[in-house]
Novice: 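Let me begin by handing over the structure; questions about it come next.
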Number of protein chains: 4
Amino acid sequence: MSHNSFGHLFRFTTWGESHGPAIGCVVDGCPPGIGLSEADIQPFMDARKPGTSRFVTQRKEPDQVKILSGVFEGKTTGTPISLLIENKDQRSKDYSEIKDRYRPGHADFTYDAKYGIRDYRGGGRSSARETANRVAAGAIARKILGDDIIIRGAVTQIGTSLIDGDQWDWDQVSQNPFWCPDAKAAKDWEGYLDNVRKSGNSVGAIVEVQARGVPAGWGAPVYGKLDSDIASGLMSINAAKGVEIGAGFASAGYTGVENADEMRMSGGKPEFLSNNSGGILGGISNGDTIIARMAIKPTSSILTEVQSINSKGDEIDVRTKGRHDPCVGIRAVPVAEAMLACVLADHKLRHRGQTGN
Amino acid sequence: MSHNSFGHLFRFTTWGESHGPAIGCVVDGCPPGIGLSEADIQPFMDARKPGTSRFVTQRKEPDQVKILSGVFEGKTTGTPISLLIENKDQRSKDYSEIKDRYRPGHADFTYDAKYGIRDYRGGGRSSARETANRVAAGAIARKILGDDIIIRGAVTQIGTSLIDGDQWDWDQVSQNPFWCPDAKAAKDWEGYLDNVRKSGNSVGAIVEVQARGVPAGWGAPVYGKLDSDIASGLMSINAAKGVEIGAGFASAGYTGVENADEMRMSGGKPEFLSNNSGGILGGISNGDTIIARMAIKPTSSILTEVQSINSKGDEIDVRTKGRHDPCVGIRAVPVAEAMLACVLADHKLRHRGQTGN
Amino acid sequence: MSHNSFGHLFRFTTWGESHGPAIGCVVDGCPPGIGLSEADIQPFMDARKPGTSRFVTQRKEPDQVKILSGVFEGKTTGTPISLLIENKDQRSKDYSEIKDRYRPGHADFTYDAKYGIRDYRGGGRSSARETANRVAAGAIARKILGDDIIIRGAVTQIGTSLIDGDQWDWDQVSQNPFWCPDAKAAKDWEGYLDNVRKSGNSVGAIVEVQARGVPAGWGAPVYGKLDSDIASGLMSINAAKGVEIGAGFASAGYTGVENADEMRMSGGKPEFLSNNSGGILGGISNGDTIIARMAIKPTSSILTEVQSINSKGDEIDVRTKGRHDPCVGIRAVPVAEAMLACVLADHKLRHRGQTGN
Amino acid sequence: MSHNSFGHLFRFTTWGESHGPAIGCVVDGCPPGIGLSEADIQPFMDARKPGTSRFVTQRKEPDQVKILSGVFEGKTTGTPISLLIENKDQRSKDYSEIKDRYRPGHADFTYDAKYGIRDYRGGGRSSARETANRVAAGAIARKILGDDIIIRGAVTQIGTSLIDGDQWDWDQVSQNPFWCPDAKAAKDWEGYLDNVRKSGNSVGAIVEVQARGVPAGWGAPVYGKLDSDIASGLMSINAAKGVEIGAGFASAGYTGVENADEMRMSGGKPEFLSNNSGGILGGISNGDTIIARMAIKPTSSILTEVQSINSKGDEIDVRTKGRHDPCVGIRAVPVAEAMLACVLADHKLRHRGQTGN
């Protein structure tokens, strides 16, 4: 059952609410003998953590990961790795007024409909804070995948502003607060997002993640398809509303001739002349770069007043004060990378289990 | 493990290759006491089956489902329901020449990379023929969901031609061979697809599925999200390259104010004034219509010659003769409906299991 | 979910009722490239099938297995293997009178309590006929394990008559209709069982299964323990009431000194001087022979009248006519072997998945 | 995948080693709205914890459980419940000398064979300390089951000394340090175990657990059988070597007439006149008391010297100093109760999911 767990052979289970004492995850199925310490995980945590620029939430969380089990004398032992991240900056007072109010776009109403009870502080379990666990698990997944597989992501669109794909430069991604691979777009986004933020509004984004170096043969027919698991993983990220692989929705408008990724031999190895497939055919990796994109809706917490109801069925107006990201898509990049890493680590082990390779 | 199974409490497992003696599926977890016979399933099979118009493959398959277990005196018994569909029109000779050839866009290369062996006849396990099983399982899922939940789908785009959303008329969907809800677009598509077909080419499509009447509260945080499972289910369909929920990728371009689905009370019940969320918030249904869309790439089997390699590493040109759909997206509609039905049936039982409701 | 499926990486799902048109199973996760045909499976089916001696049920079933998928040109392809076994000798008339009657020891009452409906013919889903599927899946599991792992079983007790362990001779097992490894006991059992049968009664049995050649290292802490999975697998066999590993229940009476399986080196390899552990320590194989035993209760279908109730709540007396095994434990041997083989095949793949070995 | 998780709808995942900073578990799938605090769990922890009498290990652990998530304002929210138990009395020095030594009966050799690395301190992951998590999860399971279902256990045999079943008095169980339901046997065991302990030896035990008040209908065919899951759960407990249900191994020696649990009506409800089935027929509860028994081998850590090898392949003699239980079976009672509770809670939810009851 997959309520709060993800993956099969490489499987992690997360727990924790935004304003509880801590959040954490248990990573099961990690191969033994892999060098692992908090230092391997922390850089990815730092990349996701809030408060790093004016374009993300100002909640201050060090997001320091502690490894509580599964590692001995610097190496994984093959037993479950328990990771703990304390909540340091909860400010529960900020949230008391939303106790009975259903913020549009949030899970307040649906959690109540499902459970009849919810920890309303900061969104409780539905808070994006949960994604810190994914990043931690993803760091372990990267260790399983090894250095030959490069997983990285970027923001390709914020609101109505797109990057110029021809200007894509991976080195730019770390040079701006937006994970933007296009230097000029990054500059534009500063002013754009400042306006959005100041107007008490928010915008959506599109995030692209890639995995280079994945060998052909990972994945499985037909409900364990690599793209199916990537879709599941990315869509489980807070605020995700769409996932596509390779050419994705654009491929609907292509002809078969345009869409065919033709093959030739190159240096004795198969080569694809284009990558509309996003590196996956029939649910199985083809050796080309795996490319996935996801759409993130605009932050639902906005200062602008919107109509809603409360838990008693009264009609109310809601204006969500607090420390919100003007564009949650930005901080989704390391989360999306992590989910891709976890899917791939799982399929590496699954492939090895079935085939021995 | 989910290689050839889908779902948890309502779970089906499929088997079979395009050119074996039969395909089939085993549906486990169906509640007992539900009236079920082949007649409940067959209409959905007929809607998906090939050969019904010149716009789909001319392979002739009656796709007659046989129930081999799990039903007694017209009612489900709660034990596994085994469904069998014989392959009647295999024509294996058609495929002998592709034995060693990797058709671009197909799973030939990746299955070989993974398994080192494949049943190459008609795509074997990767054939869209497998989807007949999904439709059969989906028919059972609909029985579990009951008559108050309406699941239906339509094609909203073929190649570069989109419907006019304002002309959407569900009654039109059964009036044309394209599942098109816009009468005028349907008419345009006839000529458009004839041209595509005659030029030895193919096109992609976008399919939209909706579920009306789903109560608020189904789904689960955070890796068992309803949208995550829908994404997984739809992306597992052959040729799918993208999935979106509600406003989907468009929501990336929205502001928070535009995207907010405001709430009011209506007749004593909560009502959403818009449905950008596609009926799902925080992974849980909100009572509004569930809306999902998927992108289907153009049929990879085309008469136009494209460059490829064979299993020996020789560079070759491939031209795929045979009985192919000029747009596989058309026949994907009942399959997408079925996957949505299966996800919902599973979550109905999962929700009931955890909460008793 | 494991209602009608068993295993994880090597996983089979069974379906079918005693008196439906057929039973079958779908085996998923089999490695590719393994030579497999019906001829590999049939000998195990024949060993389990009814009607082979006067000591087992006289129902005549050829139990001919058909492979419907997953094998191509004599080799497994890595895709699901669907196996079908037709029911040939159903005689539904025999069972009509038990429609509303709860036979003591059978699942009649509990199936009704659970589902409110049941296929009462021949026990329906709860019939021992289901175990034919396990034997078929087990034959595939043996192929995965390879020839170096020898799995075999024997009956060590029938009713109150035990074998003499010192007389254990594996060659005897196939020389008598009881799978008895002790020639003298086998002779005694003939008369003993004839008496039981003629008196309209039945007896229980103990079955022992062993797996020789399993390398050290298979299994997993702590809920995926090899012995835990063996216990689950054997206890799922019809009429099983107990499972033990190695010294089993006897070890409760041992001291730590008596129970310790001391180790020495032998030919450069670790060797255990005794095998009270049954080849498993901490849930992981230790390289010694794996030994498990299960208790099978006496056949519940007996000609002697016993008190019961019917579905209306009337008190009745039940005398079960029909073609019953005087000791179902006898035919449980190939089933127990099969379950052990399936557990081991699953763990072989799981171990390989996690560790690469 | 079930390596370190147990259950399906009610599912817990444990982590932690004997000598790490803490151990813990994550309980997923708990229904919402159930009153829960540490005070509900702690009494069960105290019953299992070490150091309570001279007949169990003298390690001093308060085993104080902290709830880190999933409970809000005293009630479960339906989200994962994370439980943490700190290790307070590790004394790592005690264990440094066994670093390379394989203690007979322990998992030292097999963990090394599997993983090539292990946390050798106190047995690491294979330590019985892990079972504290099970007890915590079991306490939550009991809350799900409600007060009408009574789960309790007792020791029925220590070494070669059995209780007199006719003297069974549940009130006695808490009156002696052995969970013994027979006052006279409890008295005998004091001297018996003192001798065992002083001689540097240990003994095994048999533990019986019962669940009264379970309604008919829980469980599932055929690999989700209630007894199959109980067997799996009990066999996963450290040092367990056998599991039986109802009459268990004794039923092998019964005739069908002796073994039949006849039925009558009593007060308008079905009643069984005996309970050889242990409350389970065809894998489904029949409404009678569920009875399971497990065999626990003698503590492997003994002061008496036994032959073994080390990780370099040298032959050595091992004498295990430290704070060991002379009979680990004693402290297994609350663990076995907890596992039974967890299996039942899972099946309660599974049954409700499928049938709505």
Side-chain angles (χ1 to χ4, degrees), chain C residues 1-3 6 8 104-105 107 110 113-114 125-126 157 160 201-206 216-217 220-221 223-225 227-228 231-232 235-236 241-245 248-249 251-257 259-260 262-265 270 281-282 284 286 295 297-299 302 304 306-309 315, chain D residues 1-3 6 8 104-105 107 110 113-114 125-126 157 160 201-206 216-217 220-221 223-225 227-228 231-232 235-236 241-245 248-249 251-257 259-260 262-265 270 281-282 284 286 295 297-299 302 304 306-309 315:
Chain C
M1 188 55 58
S2 61
H3 285 174
F6 188 81
H8 293 85
T110 52
K114 181 172 194 70
R125 181 69 182 149
S126 71
Q157 178 179 337
T160 51
N201 211 337
S202 64
V203 284
I206 291 180
Y223 303 103
K225 281 178 174 157
D227 33 3
S228 186
S232 165
M235 196 66 101
S236 75
K241 298 305 288 185
V243 179
E244 59 181 10
I245 306 292
F249 275 87
S251 66
Y254 291 174
T255 65
V257 173
N259 190 62
E262 296 186 288
M263 300 182 77
R264 293 282 95 172
M265 296 300 289
L281 287 168
I284 300 171
N286 68 8
K297 69 179 182 182
T299 315
I302 47 177
T304 307
V306 284
Q307 301 181 88
S308 190
I309 62 170
E315 299 192 336
Chain D
M1 189 55 56
S2 61
H3 286 173
F6 188 81
H8 293 85
T110 54
K114 182 174 193 70
R125 181 70 183 149
S126 72
Q157 179 179 336
T160 51
N201 211 337
S202 63
V203 283
I206 291 180
Y223 303 103
K225 281 179 174 158
D227 34 2
S228 186
S232 165
M235 196 68 100
S236 74
K241 298 305 287 185
V243 179
E244 59 181 11
I245 306 291
F249 275 88
S251 66
Y254 291 175
T255 66
V257 173
N259 191 61
E262 296 186 289
M263 299 183 78
R264 294 281 95 172
M265 295 302 288
L281 287 169
I284 299 171
N286 67 9
K297 70 179 182 182
T299 315
I302 46 177
T304 307
V306 283
Q307 300 181 88
S308 189
I309 62 170
E315 299 192 336

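First the proteins, then the strands, lettered A, B, ... as listed; each starts at 1.
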Novice: Of all heavy-atom pairs between D:I284 and C:T110, which one has the smallest distance, and what is that distance?
Specialist: O-CG2, 3.4 Å
Novice: When heavy-atom pairs shorter than 4.5 Å are enumerated against chain C, which of D:I206, D:V306, D:I245 gives the highest number?
Specialist: D:I245
Novice: Out of D:P298, D:G217, D:A295, which one racks up the most heavy-atom pairs below 4.5 Å with chain C?
Specialist: D:P298
Novice: With a 4.5 Å limit on heavy-atom distance, are the side chains of D:K225 and C:M235 in contact?
Specialist: no
Novice: Name the member of D:A107, D:S228, D:A220 that forms the most heavy-atom pairs with chain C at distances under 4.5 Å.
Specialist: D:S228
Novice: Please rank C:G282, C:A205, C:P104 by heavy-atom pairs under 4.5 Å with chain D and give me the top one.
Specialist: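 Most heavy-atom pairs within the cutoff with chain D belong to C:A205.
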Novice: What is the minimum heavy-atom distance between D:P221 and C:R125, and which atoms define it?
Specialist: CB-CG, 4.3 Å
Novice: Quick check on the interface: out of D:E315, D:E262, D:Q307, D:E244, who has the most heavy-atom pairs with chain C under 4.5 Å?
Specialist: D:Q307
Novice: Is chain D contacted by the side chain of C:I302, its backbone, both, or neither, given a heavy-atom distance below 4.5 Å?
Specialist: side chain
Novice: Is it the backbone or the side chain of C:A216 that comes under 4.5 Å from a heavy atom of chain D, or both, or neither?
Specialist: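 C:A216 touches chain D through backbone and side-chain heavy atoms alike.
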Novice: Where do C:N201 and D:G256 come nearest, in terms of heavy atoms and distance?
Specialist: OD1-N, 3.1 Å
Novice: Please look at C:Q157 and chain D and tell me whether the side chain, the backbone, both or neither of the residue comes under 4.5 angstrom of a heavy atom of that chain.
Specialist: side chain
Novice: Relative to chain D, which segment of C:K297 carries a heavy atom at a distance below 4.5 Å: side chain, backbone, both, or neither?
Specialist: both
Novice: Counting heavy-atom pairs under 4.5 Å to chain D, which of C:V243, C:T160, C:N259, C:V203 comes out on top?
Specialist: C:V243
Novice: Taking C:S308's backbone N and O only, do any of them form a donor-acceptor pair with D:R264's side chain (distance below 3.5 Å, no angle check)?
Specialist: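 Yes: the side chain of D:R264 pairs with the backbone of C:S308.
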Novice: Taking D:F6, D:F249, D:Y254 one by one, which has the highest count of heavy-atom pairs under 4.5 Å against chain C?
Specialist: D:F249
Novice: Among C:G224, C:G204, C:G253, C:A252, single out the residue with the greatest number of heavy-atom pairs under 4.5 Å to chain D.
Specialist: C:A252
Novice: Heavy-atom cut-off 4.5 Å, strictly under: side chain, backbone, both or neither for C:T304 against chain D?
Specialist: side chain
Novice: Which value, rounded to the nearest 0.5 Å, describes the distance between C:I309 atom CD1 and D:M265 atom CE?
Specialist: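 One finds 5.0 Å between CD1 of C:I309 and CE of D:M265.
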